[in-house]
Amino acid sequence: HDASNAVTVGGGIATFRIGDVSGDSENTVVVAFSLENGELLWTTPLQVPPNTWPIQWATPERLVELHWADRAARTIVLDRRTGATIWRQETPQVGGSGPIPSSLTVHGDLLVVHVGATFSVVSLEDGAERHRGETTGPLCIVGESLLVPRTDGLYAVDLTTISERRVMD
């Protein structure tokens, strides 16, 4: 499948993923253009594994790519101004079966990566893991809390203190 996807965020930059991530990962790149004059600003090869499905999230400073397949995922964070890779990280899926739900959410300087039955809260700056857990459904951020459903109830991860508590049975 063609994996082209555009994200336009402040700073006058449009980014596009170009390539076929279901086949030749060597041909998958992200390119950035100036919205002001259409000038090509940078091109960065992603080096993603074949047969992956991508999600893209952008902030004014960062472009985050999540590519998932089978039982694992790769997160790649690029500098939006230069295209330089800031960090990349493998994220194994723990538990679960069937279709793999995946999502990315940025909250301040934190990145929430959800792959299958596993989620991680990591630093957007360097990828350092702050919290890891399991979930049975989609995650939701309300205020400073990440709501996490599990079979035994609903939990909240406070994103300022990175502490977790059960909020509902």
Check the pair Leu146 / Tyr155 against side chain to side chain contact (heavy atoms under 4.5 Å, CB included), numbers first and verdict last.
CA-CA 8 Å; Leu146 174 66; Tyr155 290 77; over 6 Å; no

Consider only side-chain heavy atoms of I, L, V, M, F, W and Y, link residues closer than 4.5 Å, and tell whether [X] and [Y] are in one cluster.
X      : Y      : answer
Leu147 : Val113 : no
Leu111 : Val121 : no
Ile141 : Leu139 : yes
Leu104 : Val77  : yes
Leu46  : Trp42  : yes

Hey, is Arg150 close enough to Glu164 for a salt bridge, meaning N to O under 4.0 Å?
yes

Would you mind checking if Arg165 and Asp158 are paired as a salt bridge, meaning a charged N to carboxylate O distance below 4.0 Å?
no

Okay, side chain of [X], backbone of [Y]: is any donor-acceptor separation there less than 3.5 Å?
X      : Y      : value
Ser123 : Glu125 : yes
Thr59  : Glu61  : yes
Thr75  : Arg88  : no
Gln89  : Gly127 : yes
Trp87  : Leu124 : yes
Thr135 : Pro149 : yes
Thr85  : Leu78  : no

Return the minimal non-hydrogen interatomic distance between [X] and [Y], and the atom names on each side.
X      : Y      : answer
Gly137 : His114 : O-CE1, 3.6 Å
His107 : Gly143 : CE1-O, 3.3 Å
Leu159 : Ile162 : O-CD1, 3.6 Å
Glu129 : Val122 : CA-CG1, 3.8 Å
Ala32  : Leu40  : O-CD1, 3.5 Å

Do Leu154 and Arg166 have side-chain heavy atoms sitting under 4.5 Å apart?
no

Within-4.5 Å side-chain heavy-atom neighbours: Phe33 and Leu41
no

Rounded to the nearest 0.5 Å, the OG1 atom of Thr44 sits from the CD atom of Glu65 at a distance of 10.5 Å

CA sep, side-chain torsions, deciding dist, call: Thr82, Asp79, side chain to side chain contact (heavy atoms under 4.5 Å, CB included)
CA-CA 6 Å; Thr82 66; Asp79 183 309; 3.4 Å; yes

